[in-house]
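Before any comments, here is the structure.
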Amino acid sequence: MNVELGAAGTPPETVIDDLVAATAGGQLGSASGRFFAWVIGGALPSALAADWLASTWDVNATMYACGPAAAVTEEVAGEWVKDVLDLPCEASFAFTTGCQLAHVTCLAAARHAVLDRVGWDVERDGLVGAPAIRVLATDQRHGSIERALRFLGLGTRSLVPLATGSDGRLGVQALADALVAGDGPTIVILDAADLNIGACDPFAALIPMAQAAGAWVHIDGAFGLWARASREHRHLVEGVELADSWATDAHKWLNTPQDNGIAIVRDRAAHRAAMTLSAHYLIPGGDARDAIDWTPDWTRRARGYAIYAALRELGRDGLANMIDGCCRHACALARGIGELDGAELVAMPSLNQGLVRFLDLHGRTEADHDRHTDTVIAAINAEGTAFFSGTLWQGRRAMRISVVNWRTSEADVDATVLAVSRVLSDLTPAL
Ligand SMILES: Cc1ncc(COP(=O)(O)O)c(C=O)c1O
C-alpha cells in the first residue's frame with residue numbers, strides 16, 4: 001500500500017490488482033451476512049450494479065439539465081420511498097450522503113420554519129440576533145443529531161436532553177414537562193429507533209402534543225423508519241407519519257451501497273427555502289426536479305439509481321420480508337447467545353437490535369462483568385465467524401446484535417451462535 005508515488009503512471013489493471021492485494025486483510029467484511037456490528041446494512045445485487053452504473057456514467061446529478069435520466073430516476077425513486085414508508089405524498093425529499101446530512105437538511109428546513117413563524121428570515125439574516133431555538137431530544141439520540149446542530153449554528157447548548165424510561169422510550173409526561181418549561185421556537189427530535197434496543201418513541205401521543213405547542217417534530221429514523229414497510233413491525237412506528245420531517249438511510253435497511261441517505265420534509269416551501277440556490281450559469285429544470293433545490297450538495301453522485309434498483313428488486317413484499325427476516329434473525333441470535341453458559345440476555349429485540357452481556361464467573365462486581373463482556377466481544381471478533389460491536393446500556397457494557405443485511409440467513413445465525421459458544425468455552429477456565 002505504502003509505495004512511493006512515482007513520476008510515471010501505472011497501468012490501470014496493475015493499479016487495481018495491487019490495490020486489492022494491498023488491502024487484503026484490511027477489509028472488515030461488513031457486506032457479509034454475519035456482520036452484526038453498528039448498523040451498516042448490505043447491498044442488494046441490483047443496487048450494487050446500479051451504483052456501479054452511477055460511477056460509470058459519472059453524471060453530476062445536481063440538476064436536470066446536467067443529467068436528465070439521473071434527475072427523473074431520482075424523482076421516481078423519491079416518490080416510491082414516500083410510498084413504501086407511507087409518508088405524506090405531498091412531502092419533498094432529498095437524497096443525501098447519509099442520515100447525518102439528512103438530519104442537516106431536515107433541521108435546516110425546521111430552523112427556517114420555526115424562525116419564520118416569529119418573523120425572522122434565517123437564510124437572509126443568519127442567526128446573530130435571532131430568537132434562540134431550543135431543541136428537545138431524547139437521551140437515546142444518536143450523535144449525528146448533536147453534529148447537525150453544530151453544523152447549523154444552533155450549537156449543542158440549544159439541546160435539552162429528555163430522559164427516557166427503562167424501555168428507552170420518551171414518556172408523554174417527560175415531553176409535556178419539557179414543552180412548558182421553556183418557550184420560543186422549538187424543535188422536538190424523536191427516535192425511530194435507537195441503536196441499542198431499537199426503541200421507538202410513542203409517536204401518536206407525542207407528536208400532536210409537540211405540534212400543539214408550536215414545535216416542529218423531526219424523526220431520526222436512520223433504520224427504524226423502514227419498519228413502516230412491514231405489516232408485522234409497523235405498529236412500532238405508528239403515528240410517525242404525523243411528524244414534520246424524517247431522516248433515514250437507504251444504505252442501512254434498504255440495502256443500497258453506502259452513501260445513500262434520505263431526507264423527507266412535510267413543508268416543501270421550508271425545505272426549498274433552506275436549500276435552494278440559483279446561479280447565472282445554472283439552467284433551471286422548469287417543471288423537472290433539480291436536486292440542488294433540495295440537497296446541501298452542489299456536485300453530487302446520482303444516488304437515485306441505487307435506491308430505484310433496490311426498491312424495484314424487492315417490491316413491497318420483498319422489502320417487508322427483508323425487514324421481517326432481519327428482525328427474526330436478530331431475535332434468534334439474542335435468544336441463542338443469551339441462553340449460552342456465561343451469557344445473559346439484556347434486551348430481546350422488538351425490531352432488529354438486541355443486547356447480550358457476558359458474565360465473569362469469578363467476578364464480583366458489574367465492572368468485572370463489563371470488562372469480561374469487552375474481552376468476549378474481542379475474542380468473538382478475533383475468531384472470525386461473525387463480527388459484533390459493544391455498547392453501554394443503562395450503565396453496563398453489552399454486546400449489540402444488529403441485523404440489517406438481506407444476506408443474513410438462518411445458517412449464519414446457527415454458525416454464529418456455535419462460534420460464540422466455542423469462544424465462551426475457550427475463555428472459561430476449567431473448574
Ligand atoms: C439512529 C441513527 N441515526 C443516525 C445515524 C447516522 O447515519 P449515517 O451514518 O448514515 O450518517 C446512525 C448511524 O448508524 C444511526 O444509527
Side-chain angles (χ1 to χ4, degrees), residues 28 30-31 35-43 47 51 81 85 93-108 135 137-152 159 161 164 168-170 187-201 203 217-228 236-237 240 243 245-264 295-297 300-301 303 306-307 310 323 326 330 347 349-355 387-393 400-405:
L28 204 49
S30 55
F35 187 89
F36 306 114
W38 304 295
V39 191
I40 301 264
D51 199 56
V81 167
L85 296 178
F93 73 90
F95 291 163
T96 60
T97 52
C99 196
Q100 172 71 78
L101 263 286
H103 285 322
V104 169
T105 305
C106 291
L107 293 174
V135 180
T138 81
D139 56 10
Q140 299 303 318
R141 70 189 172 279
H142 189 261
S144 52
I145 294 296
E146 253 109 326
R147 212 146 74 113
L149 298 179
R150 279 162 44 198
F151 291 170
L152 290 166
L159 201 133
T164 52
R169 303 168 84 218
L170 181 62
I187 299 170
V188 171
I189 302 178
L190 302 175
D191 302 318
D194 92 289
L195 59 75
N196 280 319
I197 61 167
C200 298
D201 291 318
F203 305 112
V217 180
H218 173 66
I219 305 294
D220 181 351
F223 59 93
L225 201 57
W226 294 97
R228 300 275 295 168
L236 296 170
V237 284
V240 80
S245 58
W246 305 263
T248 187
D249 269 320
H251 60 214
K252 288 192 171 58
W253 225 351
L254 183 58
N255 276 215
T256 68
Q258 308 305 322
D259 202 33
N260 282 299
I262 303 170
I264 301 174
T295 69
D297 313 298
R300 60 192 285 282
R301 178 173 186 73
R303 299 199 175 93
I307 297 176
I323 302 293
C326 288
S350 53
L351 195 60
N352 63 334
Q353 312 286 315
L355 298 177
F387 196 95
F388 291 90
S389 55
T391 191
L392 192 69
W393 170 248
R400 295 182 55 250
I401 295 169
S402 172
V403 188
V404 256
N405 194 327

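First listed ligand is number 1; within each ligand, the first listed atom is number 1.
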Do His103 and ligand 1 have an N or O pair less than 3.5 Å apart? no
Backbone N/O of Ala227 and side chain of Trp253: donor-acceptor pair under 3.5 Å: no
Identity and distance of the protein heavy atom lying nearest atom 11 (O) of ligand 1: Gln100 N, 2.7 Å
How far is atom 10 (O) of ligand 1 from its nearest protein heavy atom, and which residue and atom is that? Asp249 OD2, 2.6 Å
If you count the atoms of ligand 1 from 1 in the order shown, which ones are under 4.0 Å from a heavy atom of Gly98? 10 (O), 11 (O)
Between Asp51 and Arg301, does any NZ, NE, NH1 or NH2 come within less than 4.0 Å of an OD or OE carboxylate oxygen? yes
Using the ring centroid of each side chain, check whether His218 and His103 are separated by less than 6.0 Å. yes
Ignoring hydrogens and geometry, is there a side-chain-to-backbone donor-acceptor pair from Asp201 to Leu190 under 3.5 Å? no
For Ser144, take its heavy atoms, then give the atoms of ligand 1 lying under 4.0 Å from any of them. 3 (N), 4 (C), 5 (C), 6 (C)
Which residue owns the protein heavy atom closest to atom 6 (C) of ligand 1, what's the atom, and how far is it? His142 CE1, 3.6 Å
Does a donor on one side chain sit under 3.5 Å from an acceptor on the other, for Thr248 and Trp226? yes
Among the heavy atoms of Gly261, does any lie under 4.0 Å from an atom of ligand 1? no
Donor-acceptor pair, distance only, cut-off 3.5 Å: does the side chain of Arg400 make one with the backbone of Phe36? no
Ala193 to ligand 1: N or O pair under 3.5 Å? no
Donor on one side chain, acceptor on other, Thr256 and His251, under 3.5 Å: no
Contact region, Cys99 to ligand 1, non-hydrogen atoms below 4.0 Å, reads both
Pick from Asp220, Asn196, Leu195: the one approaching atom 1 (C) of ligand 1 most closely through a non-hydrogen atom: Asp220
Nearest-neighbour protein heavy atom for atom 13 (C) of ligand 1, which is reported as residue plus atom name and distance: Lys252 NZ, 3.1 Å
